[in-house]
Protein chains: 2
Amino acid sequence: MSPAESRSSTAGTRRPTLNAVAARAGVGRGTVSRVINGSPKVSARSRAAVERAIAELGYVPNRAARSLATRRTDSVALVVPEAETRLFTEPYFSGIITGVSAGLADSGMQMLLVLPRDEKEYARLADYLSAQRVDGVLLMSVRSEDTLPDRLRELAVPTVLAGRRSREEPLRHVRCDNRGGARDAVRHLLGRGRAAVGTITGPLHMDAARDRLDGYRAALREAGAGEELVAHGDFTEGGGRAAMRELLRRHPALDAVFAASDVMASGAVLELRAAGRRVPDDVAVVGFDDSIVARHIDPPLTSVRQPLQKMGRAMASLLLDEIAGSGTGRHEVVLPTELIVRASA
Amino acid sequence: MSPAESRSSTAGTRRPTLNAVAARAGVGRGTVSRVINGSPKVSARSRAAVERAIAELGYVPNRAARSLATRRTDSVALVVPEAETRLFTEPYFSGIITGVSAGLADSGMQMLLVLPRDEKEYARLADYLSAQRVDGVLLMSVRSEDTLPDRLRELAVPTVLAGRRSREEPLRHVRCDNRGGARDAVRHLLGRGRAAVGTITGPLHMDAARDRLDGYRAALREAGAGEELVAHGDFTEGGGRAAMRELLRRHPALDAVFAASDVMASGAVLELRAAGRRVPDDVAVVGFDDSIVARHIDPPLTSVRQPLQKMGRAMASLLLDEIAGSGTGRHEVVLPTELIVRASA
DNA sequence: ATGCCGCGTGGGAGCGGTCCCACGGGTGGT
DNA sequence: ACCACCCGTGGGACCGCTCCCACGCGGCAT
């Protein structure tokens with residue numbers, strides 16, 4: 001038999017159905033179905049017969065048929081707006097996705113990766129996803145003004161967000177302790193004897209950026225020391241540079257900076273160097289995210305790491321809870337961060 | 001109506017079916033189906049009526065039902081071995097995934113992201129995927145000795161690989177011109193007056209690594225100049241350092257290095273610095289991949305960029321061809337690279 | 001007129017599961 | 001001995017779509 005023949009014959013051969021299994025095992029369809037779904041209402045005898053038949057036939061249930069009958073799809077969508085896919089390169093997405101995948105693995109759920117390319121596609125997503133295509137949705141990087149989550153909520157599509165839009169987020173979500181992480185970072189700087197600690201914030205319409213700023217303030221306050229030295233960035237390297245320049249202009253005596261992201265921190269380092277300041281000798285720098293760049297810029301960056309895998313797992317778990325309808329699940333999960341100390345501070 | 005009520009009522013309300021559309025439009029089910037599937041055998045009158053009914057009802061076809069009837073799933077799996085997910089952080093995966101997503105978008109295909117966590121899960125994938133779960137498979141980073149592709153082939157599951165296992169790869173695949181890219185890199189070094197150009201290879205059981213080494217050799221040969229200075233790495237930073245150390249030991253006069261990956265190149269830079277050589281003054285360095293680290297290490301790395309998005313699109317396109325059964329599609333697609341010149345060479 | 005062709009068209013018969021109802025046979029209580 | 005009950009079981013009726021066959025009807029050639 002030539003490869004081609006073997007191929008087509010394999011393709012032509014229909015996979016065994018539940019009916020075939022029933023016939024072979026000498027039982028009814030119902031019984032086979034019960035065995036497959038782990039119902040206890042099956043005698044040991046029938047169960048054994050069915051299991052043997054399944055093994056012999058290499059039977060695998062047809063997802064589409066089951067889905068049609070149960071009105072479930074056993075799959076969830078992971079939505080990452082295209083504007084963010086460049087950030088794929090950050091450990092953030094990769095870590096969370098890996099965690100989600102792990103958290104979903106044992107549930108038999110499939111993970112659909114959805115990357116809307118523009119606003120239009122993103123806007124149509126609610127209809128798309130609610131059209132019995134998925135049992136639940138995981139939304140990455142929602143913006144404060146984003147209404148897709150609300151639409152999904154109206155459509156009763158189980159949804160879990162990575163991060164929250166505001167402090168009154170009505171949807172379930174998972175995030176790291178941005179405030180605590182920032183506070184730890186600033187404490188670290190103060191603990192090393194830095195006196196004038198500035199901060200470069202993210203865009204304040206993002207909750208994470210606000211929380212990190214809060215953490216900075218809290219650390220200063222509890223230390224009872226220091227004026228707040230705040231400049232606003234936008235999570236880009238250029239934004240970090242500009243903010244650093246402004247900080248230096250307004251507060252030339254500054255000797256430490258906490259940037260709300262590594263990318264901004266790397267911009268800050270560039271600017272400091274351009275201004276003739278040494279890092280960390282003259283100015284210590286701490287970032288946030290523990291991204292790739294943190295390890296590779298010079299000097300390596302002290303940074304706040306998020307437990308990304310755990311966050312992903314938590315998202316999966318929250319979503320599975322909601323899909324199962326167990327209203328008991330927690331509404332939000334906040335996971336602690338960890339300060340990774342390197343040479344920059 | 002409270003939100004809760006609205007929620008449950010929405011959930012309880014079944015979505016309109018094709019039958020409902022037919023009834024509303026005053027036509028038969030067959031006609032609605034034809035309109036949806038773009039059959040030409042429908043009168044303008046019926047078509048208009050159906051389209052209006054669809055719009056009024058907000059009808060969206062049920063995927064499961066269609067899938068059951070057609071024996072297609074309209075979804076493809078994108079498989080990334082877990083061992084590689086850390087590489088998610090490289091632009092490689094993110095770029096290709098984005099490209100695949102774009103290439104699939106207009107076909108109505110869904111993209112299933114499958115991240116097997118260990119060898120066992122990976123091995124079971126063939127059965128899993130062939131059980132009518134997907135219409136096709138995209139395999140990232142297959143190793144030379146990997147047999148999953150062959151199993152998929154036996155099972156007649158349309159498959160496209162990112163990269164090839166060897167020069168006799170029987171499956172369709174997409175890759176960049178590794179040889180040409182490496183050759184360009186070395187030409188660049190030679191063109192800048194470097195005389196003793198070494199290379200740090202990847203693991204030679206990988207086809208891409210072999211091709212890059214070939215490119216290095218070709219460039220030396222065509223220039224008629226220079227001894228081959230080869231050390232072997234393993235695509236890790238540590239491996240790059242070790243290989244660089246060996247090169248320096250064996251060829252102290254070396255004044256340029258082409259590393260088969262940026263990560264190894266960054267290791268090489270560290271080693272060079274440790275050995276008191278300046279980059280690029282004493283030794284110029286070129287990497288491969290144009291990854292994140294290339295932009296962020298000091299000095300910024302000249303590197304060979306792959307057209308990742310295009311590669312992803314090509315993979316999608318090849319797979320769609322194969323699923324459609326148009327045997328006309330090309331067997332392999334090789335896309336050109338681009339040399340990104342930065343400070344390191 | 002009559003026949004034939006072909007174009008829309010309606011609807012029956014699946015696709016492969018799940019759900020649930022009804023049924024047979026054993027058990028226990030009166 | 002009788003009934004009530006429960007447990008395991010078989011199979012009908014869907015789930016919502018596609019496929020395809022058969023049919024009605026108008027236009028054209030005969």
Side-chain angles (χ1 to χ4, degrees), chain A residues 11-51 53-54 57-75 108 110 130-135, chain B residues 11-51 53-54 57-75 108 110 130-135:
Chain A
T13 304
R14 290 258 187 86
R15 298 200 60 98
T17 70
L18 178 141
N19 247 317
V21 174
R24 175 139 196 157
V27 301
R29 288 176 3 256
T31 301
V32 177
S33 179
R34 271 169 226 127
V35 170
I36 291 170
N37 295 297
S39 158
K41 313 206 148 277
V42 182
S43 67
R45 211 169 136 351
S46 326
R47 169 164 323 220
V50 169
E51 279 166 353
I54 288 179
L57 263 41
Y59 168 75
V60 181
N62 180 314
R63 250 190 143 87
R66 171 179 289 173
S67 179
L68 183 56
T70 58
R71 306 162 168 293
R72 287 181 295 108
T73 62
D74 287 333
S75 62
Q110 298 185 136
S130 70
Q132 60 247 306
R133 278 195 163 79
V134 294
D135 295 339
Chain B
T13 304
R14 291 257 187 86
R15 298 201 59 100
T17 71
L18 179 141
N19 246 317
V21 174
R24 175 137 194 157
V27 300
R29 281 172 13 253
T31 301
V32 177
S33 180
R34 272 169 225 125
V35 170
I36 290 169
N37 295 297
S39 158
K41 310 205 151 279
V42 181
S43 67
R45 209 166 136 349
S46 322
R47 164 157 301 146
V50 169
E51 278 166 353
I54 288 178
L57 262 41
Y59 169 75
V60 181
N62 180 316
R63 249 190 142 92
R66 170 179 291 172
S67 180
L68 183 57
T70 58
R71 305 162 167 295
R72 287 181 296 106
T73 63
D74 289 333
S75 62
Q110 298 184 138
S130 69
Q132 62 244 309
R133 279 198 164 76
V134 294
D135 296 339

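Residue numbers begin at 1 in each chain, while the letters A, B, ... track the order of the sequences. The structure displayed is predicted, hence computed values, not measured ones.
- Rounded to whole Å, atom C1' of dG17(C) lies 8 Å from atom CZ of Arg66(A).
- Of all nucleotides in DNA chain D having an atom under 4.0 Å from a heavy atom of chain A, the first and last in 5' to 3' order are dG8(D) to dG16(D).
- Atoms CG (Leu68(A)) and P (dG14(C)) sit 17 Å apart, rounded to a whole Å.
- For the side-chain contact (heavy atoms from CB on, under 4.5 Å) test, no residue two or more places apart in sequence or in another chain qualifies with Ala69(B).
- Counting all heavy atoms, side chain and backbone alike, Tyr59(B) lies closest to Leu18(B) at CE1-N, 3.4 Å.
- In the helix from dA1(C)-dT30(D) to dT30(C)-dA1(D), the end axes, each obtained as the rotation axis mapping the C1' atoms of four pairs onto the next four within a five-pair block, lie 50° apart to the nearest 10 degrees.
- Between Asn62(A) and Leu68(B), the shortest heavy-atom contact is ND2-CD1, 4.4 Å.
- When all heavy atoms are compared, the tightest approach of Ser46(B) to Val42(B) is CB-CG1, 3.9 Å.
- One atom, CG of Asn19(A), and another, C1' of dG16(C), lie 8 Å apart when rounded to the nearest Å.
- Taken residue by residue, residues 22-36 of chain B places heavy atoms nearer than 4.0 Å to DNA chain D at Arg29(B), Ser33(B), Arg34(B).
- Within the structure, side-chain hydrogen bond (donor to acceptor under 3.5 Å, both in side chains) contacts touching residues 63-74 of chain A (residues at least two apart or in different chains) are Arg72(A)-Asp74(A), Thr73(A)-Ser75(A), Thr73(A)-Asp135(A).
- For the pair Arg133(B) CZ and dG16(C) C1', the interatomic distance rounds to 14 Å; values are reported in whole Å.
- Listed by first and then second residue, the salt bridge (charged side-chain N to carboxylate O under 4.0 Å, His left out) pairs that reach into residues 23-36 of chain A are Arg24(A)-Glu56(A), sequence neighbours excluded.
- Across every non-hydrogen atom of Ala49(B) and Ala25(B), the tightest pair is O-CB, 3.7 Å.
- Atom-to-atom distance recorded for Arg47(B):CZ and Ile36(B):CD1 is 11.5 Å, nearest 0.5 angstrom.
- Between the C1' atom of dC15(C) and the CG atom of Leu18(A) lies a distance of 13 Å, rounded to the nearest Å.
- Summarising the geometry, the separation between CZ on Arg63(A) and C1' on dT18(C) is reported as 16 Å, rounded to the nearest angstrom.
- dC19(C) atom C1' lies 12 Å from atom CZ of Arg71(A), rounded to whole Å.
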